[in-house]
2 protein chains.
Amino acid sequence: MTQPEARQTHTAPAEAHDVPADARALIAARGGRVTRTRVAVLEILQASDRPMSHDELGAELAAADIAHDRVTLYRALDWLVEQALARRIAGSGSDRAWRFELLRADGHRHAHFHCDCCGQVICLEGLEPAVAVALPAGFQLERAELVIHGACPDCGVQRAGPAARRRR
Amino acid sequence: MTQPEARQTHTAPAEAHDVPADARALIAARGGRVTRTRVAVLEILQASDRPMSHDELGAELAAADIAHDRVTLYRALDWLVEQALARRIAGSGSDRAWRFELLRADGHRHAHFHCDCCGQVICLEGLEPAVAVALPAGFQLERAELVIHGACPDCGVQRAGPAARRRR
DNA sequence: GCGATATTGCAACATTGTAGCATTTGCATC
DNA sequence: GATGCAAATGCTACAATGTTGCAATATCGC
């Protein structure tokens, strides 16, 4: 998994009040048990500005020296989604893994940018899928997912030829 | 696999002009060998009005009594995509399989509707993702994928309670 | 019909996710 | 601080979806 390990993430104790709310409190408030993995996962997501995959989360946990099991991680994420603390977005591109991002209280929705080059997914804050579209009769709209594909700033510059764009 | 040559597979002369172009000709024109699986896959896609997954294609092939291998099917589809005869769209929802649809010569793009109930994907012809959006500096747009989630006409009516909407 | 080589078909493996179940842990209570 | 019990964990297995390598086969130009 081409992942340059450890991105900006990590919440140093000093900046604990930067995050929306205390992870432990959020978990406890929902009647869930405050466990190692849940707290860590929630904190990592709070510190991240883009959706993360199981794999990336796992790497972060490992980097932080937090013992965890693959299945437990899946279950912790499932729980967060179930409790409406996070939301699951479909992997776009050839990367068929789920990604997770914190759900904002304001129900804010935004589009995502998928870099076909490095596979990274980035939130496009200012871009709300304006789908007041007229669906054919009978279809019930629940939500719209908009994914923009292309090259991110990092990849855009070093992109040499079309061969570099093999699907990923 | 005793194949009585000149198998005249489908393509009943009468409906030959229904399909965009003869599958065999399309394949040959691109320098590819005209093989059982490629022709059949292309014809099935031509006859379908919605993107199909490997699985669905495989079922169609089986139904038409066309011997095929799982890997061969994958490769035939890869080839079609490579030759710009088809395009691959990411499975949305929890269904992480690719789906394929014929690429129209006019480069027409449209959005897709994913039924969260039955998992079916349908083309929304009249709906082109209007993403003349202003991407942040540095991002290069290549294409936009718009997926509308909800319930299709078939599922919409019989949808009883919220329990029926478990992710799928 | 023949030969070169593009495709196939098979088996093995990779990735991502789930299910079942015994063991451990968090936490309310004593 | 000790205790009990359900909630979580951490295994191991398994399922779904793809991919890779390679020998056997079928296409197609001659």
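The chains referred to below are lettered A, B, ... by the order of the sequence lines, with proteins before strands, and numbering in each begins at 1.
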[X] has an atom [atom1]; how far is it from atom [atom2] of [N], in whole Å?
{"X": "B:L73", "N": "C:dC10", "atom1": "CG", "atom2": "C1'", "value": "15 Å"}
{"X": "A:I27", "N": "D:dA7", "atom1": "CD1", "atom2": "P", "value": "17 Å"}
{"X": "B:E56", "N": "D:dA16", "atom1": "CD", "atom2": "C1'", "value": "15 Å"}
{"X": "B:E82", "N": "D:dT19", "atom1": "CD", "atom2": "P", "value": "12 Å"}
{"X": "A:D69", "N": "D:dA13", "atom1": "CG", "atom2": "P", "value": "14 Å"}
{"X": "A:F100", "N": "C:dT16", "atom1": "CZ", "atom2": "C1'", "value": "11 Å"}
{"X": "B:D78", "N": "C:dG9", "atom1": "CG", "atom2": "P", "value": "16 Å"}
{"X": "A:L57", "N": "C:dT16", "atom1": "CG", "atom2": "P", "value": "13 Å"}

I'd like to know if [X] reaches the base of [N] with its side chain such that a donor and an acceptor end up less than 3.5 angstrom apart.
{"X": "A:R75", "N": "D:dG10", "value": "yes"}
{"X": "A:R70", "N": "D:dG10", "value": "no"}
{"X": "A:R33", "N": "D:dA7", "value": "yes"}

_side chain to side chain contact (heavy atoms under 4.5 Å, CB included) assessment of A:R70 paired with A:Y74_ = CA-CA 6 Å; A:R70 213 165 58 89; A:Y74 278 110; 3.9 Å; yes

*Has the side chain of A:R24 got a donor or acceptor atom that lies under 3.5 Å from a matching backbone atom of A:V34?*
no

*CZ of A:R30: more than 12 outside heavy atoms within 6.0 angstrom?*
yes

*Which nucleotide sits closest to the side chain of A:V71: D:dC11, D:dA8, D:dT17?*
D:dC11

*Among the candidates D:dG18, C:dG17, C:dT7, find the nucleotide nearest to the side-chain atoms of A:Y74.*
C:dG17

Just checking [X]: base, sugar-phosphate only, or nothing, at a heavy-atom cut-off of under 4.0 Å?
{"X": "A:R38", "result": "sugar-phosphate"}
{"X": "A:R36", "result": "sugar-phosphate"}
{"X": "B:T35", "result": "sugar-phosphate"}

*Below 4.0 angstrom, N of the basic side chain to O of the carboxylate: do A:E101 and A:R87 qualify?*
yes

*Mind checking whether A:H54 and A:F100 have parallel, tilted or perpendicular rings, split at 30° and 60°?*
perpendicular

_Between B:H54 and A:A67, which residue's closest nucleotide on DNA chain D lies nearer the 5′ terminus?_
A:A67

*Quick one: is C:dT7 close enough that its OP1 or OP2 comes under 4.0 Å of any side-chain N or O from B:T72?*
no

